[in-house]
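Data block below; observations after.
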Amino acid sequence: MSFSPLVSILKRPAWRISFIGLLAPLFVSTAQARVLDQLPGDGSLTSIAISADGTVVVGSGFELGNWWFFHWSAEQGRVESPAPGDGISSLSCSVDCREQAGTVDTGTQSLAFHRSLAGGVIYLGTLGGLDSYGMGISGDGLVVVGSSLNASDVERAFRWSIAQGMEDLGGLTATGASFANAISRNGAVIVGGALAGDGTYRPVIWENGSILELGSDGGIAHGVNADGTMVVGRSDETAFRWTAAGGLVNLGTLRGGDSSVARAVSDDGSVVVGSANVADLTERAFRWTEKTGMTSLGLLNGGSWSEATGVSADGTVIVGLGDIRNFEVRGFIWKGGVLQDLGHVQQSVVGSADTSAQLINSQVRRTRGLTQKQCIPAPGRDYCLSLGGGLSVGEGDESSRQSNGIAGAGVHLTPHTSVGLSLGVGANSGQANQARQDNELGFGAWVAYQQNPQTRTGWNGAFSVATNGGDSQFKRGDRADDVEQASTRVGVRSNAQRLALGYGVQVERALLTPEVAITHVHSRRQGFEERNVVLPMNVQGTRSTDTYATLALRGEAPVSERGSLNWSTSLDTLLGETKPGFEGQSDIPGLDRFAVRSSLEKRSLVPAATAGYRYALSENTSLGGQAQVSASTFEQQRPVYGLEMEYRYSF
């Protein structure tokens, strides 16, 4: 096999990743580095390199004419910063991924660079020619390897450090081309390819200042384990691994294919990853062990190719690239036999934070409703019993439904004062992530005052408390492509207090009652742990509060001897809130410890209106119904529409 210097560049991951980067935007929107506490939208993520412990992923991407770096760790969250030039490729990282190396396209030349989260980007220069290419970095981040054109326009492998600068590593011949692709974590062994005297490229290593040819067949070395004792790459069109004791061993191909290439290897050399073609000549990411041989990792949903580019030190986590529908390129993560879209997996955590906030809010809405249900005995009666229920749609997604049933009782303590109890049962279903709340049980108590019970004019007021709780459940990753769904059941409870003051005025035949109310709700969601998934989350419990001031105008007017119309308009003002947290640990890279915030933002003003009709069945009983409409609690969600029915008996 014979490679020209240009062909050797195209055979390396640098070209592939640079091309992929143009198709894989990271959703960023400012020109400053920033730390995000959540994922931006449904951004495409390109996983270029993974840390030794499998918890950090770094990469680069292109969006709206700009290139960006991203680095996601537990300590800092997702950090994005603008990348220089017109393109970034070949990104590799140190053991903790805080130091990186790669190649930047400046528009007029390609230059190898070293990047530190603390110190920024350093261009490494060249060996006298126009271009250089950064390909690998040592575990401590102090040494970068790659290739550069020299003054004779020949590509030569280099080693760079701050102390020594860029040094020519030499080749198999005095003037022949060579290039370095990777360096062992301990910095002792560099691997790559070099042009032999017969005009073919051979896989080689550089160690202790000397170059060693690994085989007589044409090929390239692409990866090396932590201590430099095992090298992987491609020789004679197939993947190989090499040790000093065993020499070069052919790893074979996938069924139906005729070529393969190894890109990376675990610390102990037991797991090799890369890509191989199949019968239709498209590529599949593979994992190789002595026990299983070469096995395909599969494709992302709608994809046509995949390629593994990195593996954790213990070999349990693999990252790489693959396309999906419309040829969009995504980063993937593989663990425990499950291939997942890395961006979608990370986004599913934010989606769970949204779902958790939505479930809490649904319960808050029902708990607040329970504080407003008061069965005050009719004038001349001592007791009141009521039974009712309602159904509403809105908020959440297009299939969201909320239902409730409420039974109430009240008694006159004095002609002006009543007390009572309420019992509520509620349910909620159809939210994103298959979220639902079943058989929630609520309990309320109230005391009410009426200055003129017969006419209900003059001052009136009420103080009520309610508690509501039950189990909620949802599935993380629902409706997301290439995400393993994780079922969760978690307890949620809300406690509310409401103080209302109104004044009834008779206007012709109508009774109008302006009212002001203050409601405070305290909610608690228990912690939970996902099970039976390869990348589980363990989420801590959280508490949240909401305080609303409500201005309302209620009206009632008789339309017949037994029937009356009633209506109301109200405006909720959010005085203050403590948002529910979403913190915990997971096995998802970059989220081994996380504290994300729901993307849902509450409205500061929530208008609502009702209109209804009540009919007296007898002197003691009545039946009423009303329609409701209100803005959603969260911005950019659908309005809420509902219907309620209630039966009352006073005696």
Side-chain angles (χ1 to χ4, degrees), residues 355-376 383-396 399-411 418-431 433-448 462-474 488-498 519-526 528 544 546 608 610 612 614 621-628 630 632-633 640-650:
T355 299
S356 174
Q358 186 73 63
L359 287 169
I360 292 173
N361 177 70
S362 297
Q363 189 180 88
V364 166
R365 181 183 284 273
R366 288 191 295 274
T367 308
R368 290 186 63 191
L370 195 57
T371 64
Q372 300 174 49
K373 297 300 182 182
Q374 295 147 16
C375 188
I376 299 176
Y383 303 99
C384 175
L385 297 175
S386 65
L387 182 65
L391 175 68
S392 64
V393 298
E395 293 192 318
S399 60
S400 296
R401 300 287 187 275
Q402 294 194 52
S403 59
N404 66 84
I406 297 179
V411 58
S418 303
V419 297
L421 301 174
S422 299
L423 181 66
V425 178
N428 175 36
S429 65
Q431 309 240 358
N433 289 328
Q434 298 186 33
R436 58 185 303 114
Q437 295 164 311
D438 294 319
N439 302 320
E440 281 194 344
L441 184 63
F443 177 80
W446 53 269
V447 56
F463 175 74
S464 54
V465 296
T467 183
N468 193 18
D471 284 344
S472 300
Q473 54 186 313
F474 64 92
T488 294
R489 181 177 291 273
V490 58
V492 183
R493 175 161 293 279
S494 298
N495 301 310
Q497 304 87 41
R498 181 177 186 268
T519 307
H520 178 76
V521 187
H522 180 275
S523 302
R524 179 175 62 87
R525 191 213 68 226
Q526 295 176 345
F528 62 90
S544 59
D546 299 279
T610 68
R614 179 167 290 276
T621 60
S622 65
L623 181 66
Q626 67 176 14
Q628 307 167 335
S630 73
S632 59
T633 303
V640 179
Y641 301 94
L643 291 172
E644 283 190 352
M645 298 291 291
E646 183 189 58
Y647 172 82
R648 285 198 175 194
Y649 175 52
S650 294

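Throughout, residue positions are numbered sequentially from 1 according to the sequence presented. Computed from a predicted model, the values in this text were never measured in an experiment.
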Next item on the list: Please assess Val411 against Ser418 for the test side chain to side chain contact (heavy atoms under 4.5 Å, CB included), listing each intermediate value before the final yes or no.
Entry: CA-CA 5 Å; Val411 58; Ser418 303; over 6 Å; no
Might you point out which heavy atoms bring [X] and [Y] nearest each other, and give the distance in Å?
{"X": "Gln374", "Y": "Arg498", "value": "NE2-NH1, 4.5 Å"}
{"X": "Gly410", "Y": "Trp446", "value": "CA-CZ2, 3.9 Å"}
{"X": "Gly442", "Y": "Leu423", "value": "O-CD1, 3.3 Å"}

Salt bridge (charged side-chain N to carboxylate O under 4.0 Å, His left out) involving [X] - partner list, sequence neighbours excluded:
{"X": "Arg493", "result": "none"}
{"X": "Glu644", "result": "Lys373"}
{"X": "Arg366", "result": "Glu440"}

Next item on the list: Identify, with sequence neighbours excluded, every residue that meets ring-ring contact (aromatic ring centres under 6.0 Å, His included) alongside Tyr383.
Entry: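 Here the qualifying residues are Phe651.
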Can you tell me how far apart [atom1] ([X]) and [atom2] ([Y]) are? Round to the nearest 0.5 Å.
{"X": "Asn468", "Y": "Leu370", "atom1": "CG", "atom2": "CG", "value": "6.5 Å"}
{"X": "Gln626", "Y": "Thr610", "atom1": "CD", "atom2": "OG1", "value": "4.5 Å"}
{"X": "Leu385", "Y": "Tyr647", "atom1": "CG", "atom2": "OH", "value": "9.0 Å"}
{"X": "Asn361", "Y": "Arg368", "atom1": "CG", "atom2": "CZ", "value": "9.5 Å"}
{"X": "Arg489", "Y": "Gln473", "atom1": "CZ", "atom2": "CD", "value": "4.0 Å"}

Checklist line | side chain to side chain contact (heavy atoms under 4.5 Å, CB included) evaluation trace for Leu359 with Asn428 | finding: CA-CA 8 Å; Leu359 287 169; Asn428 175 36; 4.0 Å; yes
Item checked: Ser630 side-chain N/O to Ala608 backbone N/O, donor-acceptor pair under 3.5 Å -> no
side-chain hydrogen bond (donor to acceptor under 3.5 Å, both in side chains) with [X]: which residues, sequence neighbours excluded?
{"X": "Arg614", "value": "Ser622, Glu646"}
{"X": "Ser472", "value": "Gln437"}
{"X": "Asn404", "value": "none"}
{"X": "Ser403", "value": "none"}

Which residues satisfy the side chain to side chain contact (heavy atoms under 4.5 Å, CB included) test with [X], sequence neighbours excluded?
{"X": "Ser632", "answer": "Glu395, Arg603, Gln637"}
{"X": "Ser392", "answer": "Gln402, Val640"}
{"X": "Ser494", "answer": "Gln363, Val364, Thr367, Val521, Ser523"}
{"X": "Phe443", "answer": "Leu421, Thr467"}

Margin query: Just so I know, are the side chains of Asn495 and Val465 near enough to count as touching, which here means a heavy-atom distance under 4.5 Å?
Written below: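 Heavy-atom side-chain distance check fails, nothing below 4.5 Å.
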Notebook entry, point to check: Does a side-chain heavy-atom distance below 4.5 Å link Leu643 with Leu391?
Noted result: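 No, too far: nothing below the 4.5 Å cut-off.
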Item checked: Working for side-chain hydrogen bond (donor to acceptor under 3.5 Å, both in side chains), residues Arg365 and Thr633 -> CA-CA 9 Å; Arg365 181 183 284 273; Thr633 303; 3.3 Å; yes
